[in-house]
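Side-chain atoms are counted along with the backbone in the values below, which use heavy atoms only and exclude waters and symmetry mates.
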Amino acid sequence: LVTAVGAPPGLNVVRAIHESEKYKIVVSDAKQNSIGLYQYNLPYLISPLANDKLYLKKIISFAKKHNVCGIIPCIEEDALLFSKEIQTLKSYGINVNLPDYEQISIASNKGLMTQKCKENNIPHPESIVLSSGEDNLFKKVTEFLKRIDGPYIVKPTFGHGMKGVFTTYDAKETLEKIEAAECECILQEKIPGKAGSMYLSALLYDKKGEIIRRFASRSLLTLHEDGGPAVAGESVYSPELIDRLETLVNSIGSWSGPINAEWMLDPRDDEWKFIEVNPRHWGYGYLSVASGCNFPLANAAITCGDDPGK
């Protein structure tokens, strides 16, 4: 079962596994008009959202009906829920290749992962974590803006797909965005650069915590002018970015499943700066398949207890 097939990560996972003809696939998404529900004429479930109390029950019922051996979640909300319910899923014969809930919660938090970069001397944008309504918010923002040249990025510490991400230029605008967010946000300097300067490194771990696949790429086209989900790219040879991601994963703790990190090449010092970690398959992940490194198929094999090969 591949979830969240209305977005590029899920679409590319289904495509990669479907073309291999090694596993039967069923799919789910919360939106009735999601193309991934209908693209390959597969059994599908229009599910509630992951925060709905009926979601897990619906997923398990659908999985049992179709003799599902494993689930590949393709959105953070699903990954977090399933990691918390690993034993419940296992009691129904349903497997996942995911780390513990604590580890995936850390990896999903942009503020915590930026702090991990700082602790491990990995280059990253100057940043500060803030929340609407917290004490001395105005003072903290103005002091940050005095110290760091603009423009700036304001985004939720938990989020994906450029939702709630804003570019700001002064204290008034920055404060307005943080207050309007009504959640924990990270304020950071904006690294200059557009498509072509964004890189990705990805790792796939088995259930024993061993690295099974490694991949790196550079995005050539993104969904939004200022970035966001990449829709085209090229594979690159970058042991340094792979090593940096492995360092970050080791700082989180044990890991299983896919994980990737995004990096922006800063033209000011020609250094890759950390942007964020995604504890799942990524949007233009089919590029790994075209490059001879089939992440989704290997993850399906691990999830179902098969040999992923080399």
A.B. asks: For residues 5-24, which side-chain donor-acceptor pairs fall under 3.5 Å, sequence neighbours excluded?
C.D. replies:
residue: N12; atom: ND2; partner: P8; partner atom: O; Å: 2.9
residue: N12; atom: ND2; partner: G283; partner atom: O; Å: 2.5
residue: R15; atom: NE; partner: E19; partner atom: OE2; Å: 3.3
residue: E19; atom: OE1; partner: Y286; partner atom: OH; Å: 2.4
residue: S20; atom: OG; partner: I17; partner atom: O; Å: 2.6
residue: S20; atom: OG; partner: K22; partner atom: N; Å: 3.2
residue: Y23; atom: OH; partner: D306; partner atom: OD2; Å: 2.6

A.B. asks: Under the disulfide bond (SG atoms under 2.5 Å apart) rule, what pairs show up with a residue in residues 151-210, not counting sequence neighbours?
C.D. replies: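 Checked against disulfide bond (SG atoms under 2.5 Å apart) - neighbours excluded - no pair reaches residues 151-210.
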
A.B. asks: Would you say the side-chain atoms of K155 and Q188 include a donor-acceptor pair closer than 3.5 Å?
C.D. replies: yes

A.B. asks: Y44 and Y38: aromatic ring centres closer than 6.0 Å?
C.D. replies: yes

A.B. asks: Is the side chain of N299 donor-acceptor paired with the backbone N or O of F295 at a distance under 3.5 Å, no angle test?
C.D. replies: no

A.B. asks: I'd like to know if E173 and K177 make a salt bridge, using a cut-off of under 4.0 Å between side-chain N and carboxylate O.
C.D. replies: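 Salt bridge: no.
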
A.B. asks: Tell me, please, which residues at least two apart from R244 pass salt bridge (charged side-chain N to carboxylate O under 4.0 Å, His left out).
C.D. replies: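 So R244 forms a salt bridge (charged side-chain N to carboxylate O under 4.0 Å, His left out) with E240, E271.
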
A.B. asks: May I have all residue pairs that pass disulfide bond (SG atoms under 2.5 Å apart) and include part of residues 33-128, sequence neighbours excluded?
C.D. replies: C69-C304

A.B. asks: Please enumerate all residues that pass side-chain hydrogen bond (donor to acceptor under 3.5 Å, both in side chains) together with R213, with sequence neighbours excluded.
C.D. replies: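 For R213, no residue satisfies side-chain hydrogen bond (donor to acceptor under 3.5 Å, both in side chains) once neighbours in sequence are set aside.
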
A.B. asks: For a quick check under 3.5 Å, do D29 and S34 share a side-chain donor-acceptor pair by atom type?
C.D. replies: yes

A.B. asks: Under a 4.0 Å threshold between the charged nitrogen and the carboxylate oxygen, would R268 count as salt-bridged to D266?
C.D. replies: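 Yes.
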
A.B. asks: Has N136 got a side-chain atom pairing as donor or acceptor with K139's backbone, closer than 3.5 angstrom?
C.D. replies: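 Such a contact is absent between N136 side chain and K139 backbone.
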
A.B. asks: Would you list the atom pairs, donor with acceptor, under 3.5 Å between side chains in residues 50-65 and any protein atom, with sequence neighbours excluded?
C.D. replies:
residue: D52; atom: OD1; partner: L54; partner atom: N; Å: 2.8
residue: Y55; atom: OH; partner: D78; partner atom: OD1; Å: 3.0
residue: Y55; atom: OH; partner: D78; partner atom: OD2; Å: 3.2

A.B. asks: Using modelled atom types and a 3.5 Å cut-off, is there a donor and acceptor pairing between side-chain atoms of K190 and backbone atoms of G150?
C.D. replies: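 No, because the side chain of K190 does not come within donor-acceptor range (under 3.5 Å) of the backbone of G150.
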
A.B. asks: Check whether the side chains of T157 and E184 place a donor and an acceptor atom closer than 3.5 Å, and report yes or no.
C.D. replies: yes

